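Protein chains get the first letters and strands the later ones, always in sequence-line order, with residue 1 at the start of each. None of these values were measured; they are calculated from a predicted model.
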Protein chains: 2
Amino acid sequence: MSYGTMSVDERRLLPPAVAVSTVAFALRPPVGARLEDAASEASIEAGTDPRNRGTAPTLWLPLVRRTRPPFEGRWALPGGPIPWDETLVDTALRTLQDAVMRRPGYLEQLYSFGAVERSAEAQRLVTIAYWALFGERDLSAPLRPDSEPSATHDPNVAWFSADALPKLAFDHAEIVAHALDRLRSKTAYSTVAFRFLGDSFTLAQLREVREAILGETIDAANFRRYALSQGHLVETGEKTSGTRHRPAKLYRFRERSTSPHGEGTEDADANNAQHTVRNSA
Amino acid sequence: MSYGTMSVDERRLLPPAVAVSTVAFALRPPVGARLEDAASEASIEAGTDPRNRGTAPTLWLPLVRRTRPPFEGRWALPGGPIPWDETLVDTALRTLQDAVMRRPGYLEQLYSFGAVERSAEAQRLVTIAYWALFGERDLSAPLRPDSEPSATHDPNVAWFSADALPKLAFDHAEIVAHALDRLRSKTAYSTVAFRFLGDSFTLAQLREVREAILGETIDAANFRRYALSQGHLVETGEKTSGTRHRPAKLYRFRERSTSPHGEGTEDADANNAQHTVRNSA
DNA sequence: GCAATAGTGTCTTTAAGACATTATGCC
DNA sequence: GGCATAATGTCTTAAAGACACTATTGC
């Protein structure tokens with residue numbers, strides 16, 4: 001029996017198909033991106049928004065509108081089927097990049113979802129979910145810069161605040177919730193927070209990232225003591241200026257090579273195949 | 001083109017198939033199970049072994065010998081393809097149960113593996129790995145008790161010490177390493193260790209479980225203080241006897257309903273779809 | 001000087017490691 | 001009584017929260 005000529009009922013009985021979906025976080029949408037507000041269903045455009053300078057209070061993520069059944073018209077996570085010759089990670093990267101024209105700075109597998117009722121109409125779908133992170137430097141320039149930068153948006157790709165998501169296709173709402181949990185728990189023991197920021201940053205910015213992710217305020221003095229003790233920060237020697245208060249030192253992130261003395265605290269799941277994604281450009 | 005009449009080359013170009021594999025740990029092999037030693041390739045039988053009383057110093061896990069290509073003859077993790085109408089968890093449980101005739105007390109998704117070179121010969125295979133845990137009470141009686149309990153072993157199923165595994169099929173060695181990591185890191189913040197033990201146990205037994213998993217000794221006094229402070233232990237009122245030293249109090253495990261006062265420390269990934277598996281019998 | 005944030009110092013609480021001391025059942 | 005382990009207590013150190021205080025810029 002041929003794949004193409006099957007009826008819907010026959011499709012249901014096939015072995016499950018596999019696809020990859022990715023929850024990609026950023027502290028702000030990229031300049032020029034299409035924004036959507038789930039409540040009003042109105043779309044605006046990023047760029048002149050004052051939130052783009054400084055740290056946004058919420059996390060943003062890109063979604064893709066489905067153009068065919070099942071769940072036609074609904075918003076869904078970027079993703080797609082796995083070609084026979086492509087790594088899971090590569091499929092995640094490629095589909096995400098096709099949607100938002102940018103490469104994330106970080107990518108990590110999240111969880112696999114495969115409940116039988118995922119898609120009642122069609123062939124059963126097992127989804128391997130990834131989560132990704134766009135840092136400040138990843139958001140700057142689109143990979144394929146349009147000659148008219150603000151005009152030709154794909155109307156089926158938009159950025160949403162994680163606080164106000166629309167009704168999602170499949171069980172993608174569950175996947176997003178899972179990704180948020182993972183992001184929150186990872187900030188406790190890993191260095192993901194750094195990846196949201198640019199090459200240099202102040203301690204206040206780093207603290208604000210943590211506050212945005214955790215959703216609670218942190219004592220600035222204690223945070224400073226903790227952050228500096230971790231050994232990941234190097235002073236650049238420069239300071240901020242133009243503020244109407246005391247200027248702050250700028251720091252750079254450095255992967256700690258070996259701990260000064262003693263065992264050193266390993267990443268709680270260092271073997272979980274995390275990926276730092278770098279542009280080849 | 002029909003599924004059944006494809007050549008090997010044609011199979012390679014198909015969308016990946018999905019399967020489930022499970023790493024199942026126990027502190028000792030079940031009585032009557034077939035044991036294998038990877039080094040000597042000799043198989044013995046569990047039962048009279050003194051290790052079966054008291055806590056074993058290493059972890060054990062069941063493997064299944066493959067009876068067809070690819071990797072024919074190699075040992076592999078219990079598992080199999082996912083039927084269209086079965087949950088991922090259920091597939092993991094069913095295939096594990098078919099292999100070892102017992103239900104694990106705990107099951108949790110581990111990670112999904114899908115490198116392109118996983119199986120060079122046949123259709124590409126994406127494996128969703130689970131890890132499971134057999135507690136003392138799960139090891140006692142086989143689900144389908146043979147009339148001749150020690151005779152009819154499936155020769156293609158055996159238990160191995162995690163320290164001395166044979167060469168495994170596919171990338172299953174990597175999966176086992178992953179599962180060991182997860183088990184170790186989970187004992188730090190969750191209550192998995194309890195699940196290796198029976199209904200009641202002494203603090204020394206609980207400590208020995210942690211020592212076996214972590215591979216290092218723990219100060220008995222400090223461990224006692226910590227364990228009791230977690231609020232998961234209830235005295236049964238009974239004591240051990242027959243030892244030639246001071247008898248120890250017996251404790252029972254209790255899921256902490258709410259913390260006595262304050263927020264309470266959540267499980268670091270409470271939403272990771274863990275499963276407590278109980279027999280319906 | 002004032003506003004506002006950067007950065008420092010100190011006190012307290014809590015958790016954990018090291019280790020000495022007492023308790024108890026069995027021989 | 002002596003052995004072996006259970007159970008308790010004490011001292012020390014490290015980390016983290018609370019919070020007062022000082023420093024430095026722009027206005």
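- Distance B:Y226 OH to C:dT14 P: 17 Å, rounded to the nearest Å.
- Side-chain to base pairing of A:R246 with D:dA23: one donor and one acceptor N or O lie within less than 3.5 Å of each other.
- Relative to the side chain of A:A221, the nucleotides C:dG7, C:dC26, C:dG9 differ in distance, and C:dG9 lies closest.
- Formation of a donor-acceptor pair under 3.5 Å by the B:R210 side chain with backbone atoms of B:A193 is not found in this model.
- The side chain of A:H245 sits closest to C:dA6 out of C:dA6, C:dG25, D:dA7.
- Both A:T202 and A:D219 lie close to DNA chain C; mapped to their nearest nucleotides by heavy-atom distance, the more 5′-ward contact belongs to A:T202.
- Whole-Å rounding puts the B:R224 CZ to D:dT10 P distance at 16 Å.
- Following rounding to the nearest Å, A:I218 (CD1) and D:dA16 (P) show an atom-to-atom distance of 12 Å.
- With distances taken from any side-chain atom of B:R225 to the nucleotides D:dA18, D:dT10, C:dA6, the minimum falls on D:dT10.
- Across A:K249, A:R252, A:R254, a single residue satisfies salt bridge (Lys or Arg N to Asp or Glu O under 4.0 Å) together with A:E235, and that is A:K249.
- Judged by distance alone, the side chains of B:S112 and A:S112 do bring a donor and an acceptor atom under 3.5 Å apart.
- Within the 3.5 Å criterion, the main-chain N or O of A:L133 finds no donor-acceptor partner in the side chain of A:R195.
- Positionally, the nearest nucleotide of DNA chain C for A:A248 lies more toward the 5' end than for the other of A:A248 and A:N222.
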